[in-house]
A.B. asks: 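Below you will find the structure I want to go over with you.
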2 protein chains.
Amino acid sequence: MKSIKDNKIEVEMNRGFLQIMVLLALETPMYGYMMLRFIEEIGYSVEENTLYPMLRRLKKNGWVSSKWDVEHDRPKKYYEITKKGKTIRSKLLSIWQTQNGVIKKLLKEVENG
Amino acid sequence: MKSIKDNKIEVEMNRGFLQIMVLLALETPMYGYMMLRFIEEIGYSVEENTLYPMLRRLKKNGWVSSKWDVEHDRPKKYYEITKKGKTIRSKLLSIWQTQNGVIKKLLKEVENG
DNA sequence: TTGACATACTGTGTGATATACAGTATTATT
DNA sequence: AATAATACTGTATATCACACAGTATGTCAA
């Protein structure tokens, strides 16, 4: 019986979190490769194969906008959060807070037997 | 162009969180329907159609065990976290903490311009 | 005493997602 | 001249949240 590999456990966590992280980061315009390095700087890491499709999806949803910079070096696609994106981001953050509260409460119960 | 509905935003958050919540809750043995009500009591909510498949999946992964109670009323399938489940739970909680730290840091930057 | 509703599940299907894989092209670096 | 790093695109795949359909028992009002 096939089941998920325990060493790939981070994957299980990424769905909700990655979006919040990216939408917060895009307060400042950034292109994909730049964000990969930015995320490492702040102590996390994302797969290139995860970030690029996610940026495309956020764009499709209208949560971020994009703009090519062709004036310096090779072309870079700068993304930035939209007004709609900020609305969504607030909702996601609020859900995150609720979930964080639930986890804290349950964790306390487990720790105190 | 099809895109996700904004009012279904909670879905985006559930992947990682639901597992932690269920694995914490299952410190005490519970059957599915009981957990649905328990989760509402502590201020959250899960779809029946999400919880049951999740319990089956956690079982398949060996993170929880199950046992039928056929002695009272109608049959109830009690689940409980396993040793392996506790190991996974620790890892998930640790990832959650890291992610929470990343969000807090980014949020502070956004708020302070 | 029946029929509606809550309880307590199972099995299979679907659409969206994280990631894989393959590929294009430019700019350092050695 | 070759290699690595940069900076992307497009399509494929496995898994997940949730939908849908179904089974069966217990409760309680009309």
Side-chain angles (χ1 to χ4, degrees), chain A residues 1-22 29-40 44-61 63 66-79 92 95 99, chain B residues 1-22 29-40 44-61 63 66-79 92 95 99:
Chain A
M1 183 159 57
K2 251 201 310 186
S3 58
I4 83 155
K5 285 182 186 100
D6 296 358
N7 62 330
K8 281 276 191 168
I9 207 70
E10 285 84 357
V11 179
E12 299 288 308
M13 307 287 305
N14 281 344
R15 177 97 115 242
F17 169 71
L18 288 180
Q19 276 181 103
I20 295 188
M21 180 171 60
V22 169
M30 272 188 218
Y31 55 97
Y33 207 83
M34 185 180 170
M35 183 172 294
L36 285 172
R37 277 176 287 119
F38 172 76
I39 287 168
E40 300 229 324
Y44 207 74
S45 79
V46 206
E47 295 267 335
E48 195 187 333
N49 280 328
T50 298
L51 184 65
Y52 280 115
M54 161 161 296
L55 288 171
R56 293 178 220 157
R57 188 168 63 83
L58 294 177
K59 174 79 188 297
K60 195 182 73 178
N61 293 346
W63 302 352
S66 68
K67 193 170 71 193
W68 281 100
D69 171 17
V70 287
E71 305 201 356
H72 313 89
D73 286 9
R74 77 206 79 182
K76 293 178 183 68
K77 198 174 189 176
Y78 276 85
Y79 291 91
L92 291 172
I95 295 170
Q99 294 182 344
Chain B
M1 183 157 56
K2 253 199 313 185
S3 58
I4 82 155
K5 287 181 185 100
D6 296 357
N7 62 331
K8 280 275 192 170
I9 207 70
E10 286 84 357
V11 178
E12 298 288 309
M13 307 287 305
N14 282 342
R15 177 95 117 244
F17 169 70
L18 287 179
Q19 276 181 103
I20 296 187
M21 180 172 59
V22 168
M30 274 188 218
Y31 57 95
Y33 207 83
M34 184 180 172
M35 182 171 295
L36 285 172
R37 276 178 285 118
F38 172 76
I39 287 168
E40 300 229 326
Y44 207 74
S45 80
V46 206
E47 294 268 336
E48 196 188 332
N49 280 327
T50 298
L51 184 64
Y52 281 116
M54 162 160 293
L55 288 170
R56 292 178 220 158
R57 187 169 64 83
L58 294 177
K59 173 80 188 297
K60 195 182 73 177
N61 293 347
W63 302 352
S66 67
K67 193 170 70 192
W68 281 101
D69 171 16
V70 287
E71 304 200 357
H72 314 88
D73 287 10
R74 77 207 78 183
K76 293 179 183 68
K77 198 173 189 175
Y78 276 84
Y79 290 92
L92 291 172
I95 295 170
Q99 293 183 345

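The structure displayed is predicted, hence computed values, not measured ones. Chain letters run A, B, ... following the sequence lines, proteins first and then strands; every chain starts at 1.
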A.B. asks: So does R56(A) get a side-chain nitrogen or oxygen closer than 4.0 Å to the phosphate oxygens (OP1/OP2) of dA16(C)?
C.D. replies: no
A.B. asks: Measure from CH2 on W68(A) to C1' on dT6(D) and round the result to the nearest Å.
C.D. replies: 12 Å
A.B. asks: Over all strands shown, is M34(A) touching base, sugar-phosphate only, or nothing at heavy-atom distances under 4.0 angstrom?
C.D. replies: nothing
A.B. asks: Let's see if you can work this out: which of dG10(D), dA7(D), dA6(C) has an atom nearest to the side-chain heavy atoms of Y33(A)?
C.D. replies: dA7(D)
A.B. asks: In whole Å, I'd like the distance from the CG atom of N14(B) to the C1' atom of dT15(D).
C.D. replies: 15 Å
A.B. asks: Just how far, in rounded Å, is C1' of dC16(D) from CZ of F17(B)?
C.D. replies: 17 Å
A.B. asks: Calculate the interatomic distance between D69(A) atom CG and dA7(D) atom P; express it in whole Å.
C.D. replies: 11 Å
A.B. asks: Q19(A) versus W63(A): any side-chain heavy-atom pair under 4.5 Å?
C.D. replies: yes
A.B. asks: How close or far is atom P of dA17(D) from atom CG of L55(B), stated in whole angstroms?
C.D. replies: 11 Å
A.B. asks: Would you give the length of the straight line joining atom OG1 of T50(B) to atom CG of L55(B), rounded to the nearest 0.5 angstrom?
C.D. replies: 11.0 Å
A.B. asks: Rounded off to whole Å, could you give me the CZ-to-C1' distance for the R57(B) and dC9(C) pair?
C.D. replies: 19 Å
A.B. asks: Exactly one of K77(A), R56(A), K59(A) should register a side-chain hydrogen bond (donor to acceptor under 3.5 Å, both in side chains) with S66(A). Which one does?
C.D. replies: K59(A)
A.B. asks: Side-chain contact test, heavy atoms from C-beta onward, threshold under 4.5 Å: evaluate it for M13(B) versus I9(B) and give yes or no.
C.D. replies: no
A.B. asks: Please report, rounded to the nearest Å, how far the P atom of dT25(D) is from the NZ atom of K77(B).
C.D. replies: 18 Å
A.B. asks: Quick one: CD on E47(B) to CG on L36(B), what's the gap to the nearest 0.5 Å?
C.D. replies: 9.5 Å
A.B. asks: Distance criterion of 3.5 Å, no angle test: do you see the side chain of R74(A) paired donor-to-acceptor with the base of dT6(D)?
C.D. replies: yes
A.B. asks: Using heavy-atom distances to pick each residue's nearest nucleotide on DNA chain C, tell me which of P75(A) and L18(A) is more 5'.
C.D. replies: L18(A)
A.B. asks: What is the separation between atom CE on M13(B) and atom P on dC16(D), rounded to the nearest whole Å?
C.D. replies: 18 Å
A.B. asks: Identify, between M54(A) and Y78(B), the residue whose nearest nucleotide on DNA chain C lies closer to the 5' end.
C.D. replies: Y78(B)
A.B. asks: Do the non-hydrogen side-chain atoms of L51(B) and V22(B) ever get within less than 4.5 Å of each other?
C.D. replies: yes
A.B. asks: Got a second to check how far M21(B)'s CE is from Y44(B)'s OH, nearest 0.5 Å?
C.D. replies: 6.5 Å
A.B. asks: Residues from residues 44-53 of chain B sitting under 4.0 Å of DNA chain D, heavy atoms only?
C.D. replies: E47(B), N49(B), T50(B), P53(B)
